[in-house]
Amino acid sequence: MKVEKRMKIDDLGCWRRTHYSAEITPELDGKEVILLGWVRDIRDLGGIRFIILQDREGTVQITVPRDEADEQTLKKTGLLQRQYCIGVKGVVRAMAKAPRGVEVLPKKVKILAVAKQPLPIDVTGRTPADIDVRLDARVLDLRRDENQAIFRIRHKILEAVRTFLSKKGFLEVHTPKIIASATEGGAALFPIAYFEREAFLAQSPQLYKEQLTMDFEKVYEIGPTFRAEKSHTRRHLTEFISIDIEEAFATADDVMKVAEELMHHVCRVVKENCQKELKVLKHTVEVPSLPFKRITYDEIIEELRGGGFKIEWGEDIPTAAYRHLGKVHPYFYFITEWPTRLKPFYIKPKDDDPERSEGFDLMWHWIEIASGGTRVHDKKLLIRRLKEQGLHPESFKYHLQTFDYGMPPHAGWAIGLERLVMIHTGRKNIREVVFYPRDRFRLTP
RNA sequence: GCCCUGGUAGUAUAGUCCGGCCUAGUAUAGGCGGCUGUCACCCGCCUGACCCGGGUUCAAAUCCCGGCCAGGGCGCCA
């Protein structure tokens with residue numbers, strides 16, 4: 001056991017960053033800079049010491065030659081260990097032998113925080129760790145290059161979605177996540193203690209966003225949703241972010257166009273702006289051509305029959321069959337005209353064929369990434385559909401009452417953000433693309 | 001909820017089938033020492049582990065039972 005060294009922690013004082021690591025280029029030769037970040041790696045050769053400093057923009061080499069550095073700096077840099085938070089004031093030197101042809105010679109070093117050794121995971125990524133171990137040490141894990149890339153792409157996607165929807169005239173809204181009763185039936189809700197009453201975490205903004213079409217016509221929400229499903233797969237979470245839109249005076253066809261244009265836009269933005277990140281992830285993004293294929297449920301059943309899957313009309317499609325579809329349709333496609341009985345009560349049955357609905361799913365390979373449709377806006381029909389699905393219209397009193405005030409015909413969809421990020425990062429486990437994932441078994445950190 | 005697989009140092013693994021040769025091997029991280037151009041630096045020395053409980057046996061990391069935990073799949077879904 002190592003004797004704890006008395007480590008003096010320095011104050012940030014008046015030090016402010018002048019450059020990010022990535023901004024240190026050979027052209028800055030001779031310039032004094034202040035860098036703030038973390039020690040990623042140390043290579044001490046005896047007469048010369050290399051410290052790799054990492055910040056949010058990348059890394060830069062701090063070089064400490066014994067015969068060039070003053071004693072204080074030599075001593076201080078000798079104390080450094082991986083993941084110490086440090087500040088470096090020094091001079092840039094163009095140096096062909098250094099990474100990126102540039103290094104910083106420190107004049108003064110501040111240790112702002114220390115890190116306990118040995119660390120639970122290797123942030124350089126050389127010694128791999130299992131996802132469970134990584135998630136337990138998530139803050140360290142997120143410093144890894146791969147995660148920096150994933151979450152930058154995630155950010156870019158969100159930015160692209162907001163820009164796109166805003167330009168299309170959608171207003172960003174936020175609906176309550178604490179609700180009094182089930183919104184859709186089906187998926188299980190998490191009950192919570194709400195003072196002296198029981199409440200639930202919202203499984204979807206569905207009913208609220210529909211209501212808001214009465215006032216704002218085109219709305220979208222990007223927010224958390226909660227599902228108390230005991231799912232245990234690489235594509236399910238108990239808490240995830242849903243991108244929802246709802247549009248008045250529109251049908252499934254109209255909002256499918258919005259969805260495919262959005263996918264096209266997002267792919268383009270990621271492809272154009274995230275090459276560095278994609279390279280780290282060894283992944284590529286193809287911009288899809290428009291329009292996406294639209295395949296009816298009936299056609300899908302027929303296709304699956306050809307692939308050896310015998311699915312009765314009106315049955316849901318099992319995962320194995322979806323995997324087969326993913327091979328036949330290797331990119332985005334819609335499955336349309338789902339049997340009404342397979343869709344929630346608010347999905348509109350076709351006028352001329354009520355067994356079939358105006359509900360659709362947006363697929364990517366074998367994974368469902370969005371679900372939507374034309375909604376029922378006729379109160380009587382909505383009540384009938386509620387009953388058909390075994391739900392009690394009384395529990396939807398406040399929702400149903402809004403249909404008395406001129407509910408416009410409307411349509412919408414919901415996209416799972418995490419699945420969208422999986423597509424753009426090539427990650428196979430949804431937990432990889434969430435900062436602090438929550439699943440059936442994980443509630444910490 | 002069901003099914004399959006697994007649990008060995010901080011991390012990742014070898015060994016487990018076919019019990020004894022394991023005083024548990026390796027890499028990396030960590031400690032100490034050396035090294036002036038590293039970039040997975042290198043070299044030497046050192047620290048550090050068989051998930052928990054029960055059973056079988058002369059003998060258990062290894063076989064059996066239970067538990068806990070993890071990974072994957074199914075169902076459900078986004």
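Naming convention: chains lettered A, B, ... in sequence-line order (proteins, then strands); numbering from 1 in each chain.
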Sub-6.0 Å ring centroid separation between [X] and [Y]:
X	Y	value
A:F441	A:H232	yes
A:F226	A:F190	no
A:F435	A:F151	yes

Checklist entry - Which atom pair, heavy atoms only, marks the closest approach of A:V376 to A:K348? => result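 Closest approach of A:V376 to A:K348: CG2-CA, 3.7 Å.
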Measure the distance from [atom1] on [X] to [atom2] on [N] and round it to the nearest whole Å.
X	N	atom1	atom2	result
A:R43	B:A29	CZ	P	11 Å
A:Q81	B:G30	CD	P	7 Å
A:R235	B:G75	CZ	P	8 Å
A:Q117	B:C46	CD	P	22 Å
A:Q61	B:C41	CD	P	11 Å

With distance as the sole criterion, is a donor-acceptor pair present between the side chains of [X] and [Y] under 3.5 Å?
X	Y	result
A:S242	A:D244	yes
A:H329	A:E303	yes
A:T124	A:D122	yes
A:Q211	A:H399	yes

For [range], which residues have at least one heavy atom under 4.0 Å from RNA chain B?
range	value
residues 136-144 of chain A	none
residues 423-439 of chain A	A:N429, A:I430, A:R431
residues 19-39 of chain A	none

Would you say [X] reaches [N]'s phosphate, i.e. side-chain N/O to OP1/OP2 under 4.0 Å?
X	N	value
A:R234	B:G73	yes
A:R126	B:C39	no
A:R323	B:C74	yes

Checklist entry - P atom, B:G55 versus B:C21: distance in rounded Å? => result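 Those two atoms are separated by 23 Å.
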Item to check | Qualifying residue for side chain to side chain contact (heavy atoms under 4.5 Å, CB included) with A:R143, from A:R138, A:Q54, A:R56 | outcome: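 The residue from A:R138, A:Q54, A:R56 that satisfies side chain to side chain contact (heavy atoms under 4.5 Å, CB included) with A:R143 turns out to be A:Q54.
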Next on the checklist: Taking side-chain hydrogen bond (donor to acceptor under 3.5 Å, both in side chains) as the definition, give me every residue that meets it alongside A:K271, ordered by chain and number, with sequence neighbours left out.
Outcome noted: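 Scan of A:K271 (side-chain hydrogen bond (donor to acceptor under 3.5 Å, both in side chains), adjacent residues dropped) gives none.
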Checklist entry - Which ranges of RNA chain B pair up as stems, where a stem means three or more consecutive Watson-Crick or G-U pairs with both distances under 3.5 Å? => result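 So far as stems of 3 or more pairs are concerned, RNA chain B shows B:1-7 with B:68-74, B:10-13 with B:25-28, B:30-34 with B:42-46, B:51-55 with B:63-67.
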Checklist entry - Base, sugar-phosphate, or nothing for A:R440, non-hydrogen atoms under 4.0 angstrom? => result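 A:R440: backbone/sugar contact only, no base atoms under 4.0 Å.
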Next on the checklist: For a quick check of understanding: with a heavy-atom distance under 4.0 Å over all strands, which category does A:R82 fall into, base, sugar-phosphate or nothing?
Outcome noted: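 Since only primed, P, OP1 and OP2 atoms lie under 4.0 Å of A:R82, the category is sugar-phosphate.
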Nucleotides 9-11 of chain B: which of its N/O atoms have a protein N/O under 3.5 Å away?
from, atom 1, to, atom 2, distance (Å)
B:G10, O2', A:L119, O, 3.4
B:G10, O2', A:P120, O, 3.3
B:U11, O2', A:P128, O, 2.8

Next on the checklist: One pair to check against side chain to side chain contact (heavy atoms under 4.5 Å, CB included): A:E261 and A:K168. What are the steps and the verdict?
Outcome noted: CA-CA 11 Å; A:E261 280 176 34; A:K168 287 268 173 192; 2.7 Å; yes
Checklist entry - Any N or O donor-acceptor pair linking the side chain of A:R419 to the base of B:C77 at under 3.5 Å? => result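 Between B:C77 and A:R419, which were checked side chain against base, a qualifying N/O pair under 3.5 Å is present.
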Item to check | Under 3.5 Å donor-acceptor pair, A:S231 side-chain atoms to B:C76 base atoms | outcome: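 Yes, the side chain and the base share a sub-3.5 Å donor-acceptor pair.
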Next on the checklist: Which is more 5' along RNA chain B, the nucleotide nearest A:E239 or the one nearest A:P99? Just name the residue.
Outcome noted: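 The residue whose closest nucleotide sits nearer the 5' end is A:P99.
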Checklist entry - Less than 5.5 Å between centroids and less than 30° between ring planes, does A:F50 satisfy that with B:G37? => result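 Taking the rule of under 5.5 Å and under 30°, the ring of A:F50 does not stack on B:G37.
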Item to check | side chain to side chain contact (heavy atoms under 4.5 Å, CB included) evaluation trace for A:E355 with A:W313 | outcome: CA-CA 11 Å; A:E355 289 294 300; A:W313 193 94; 4.0 Å; yes
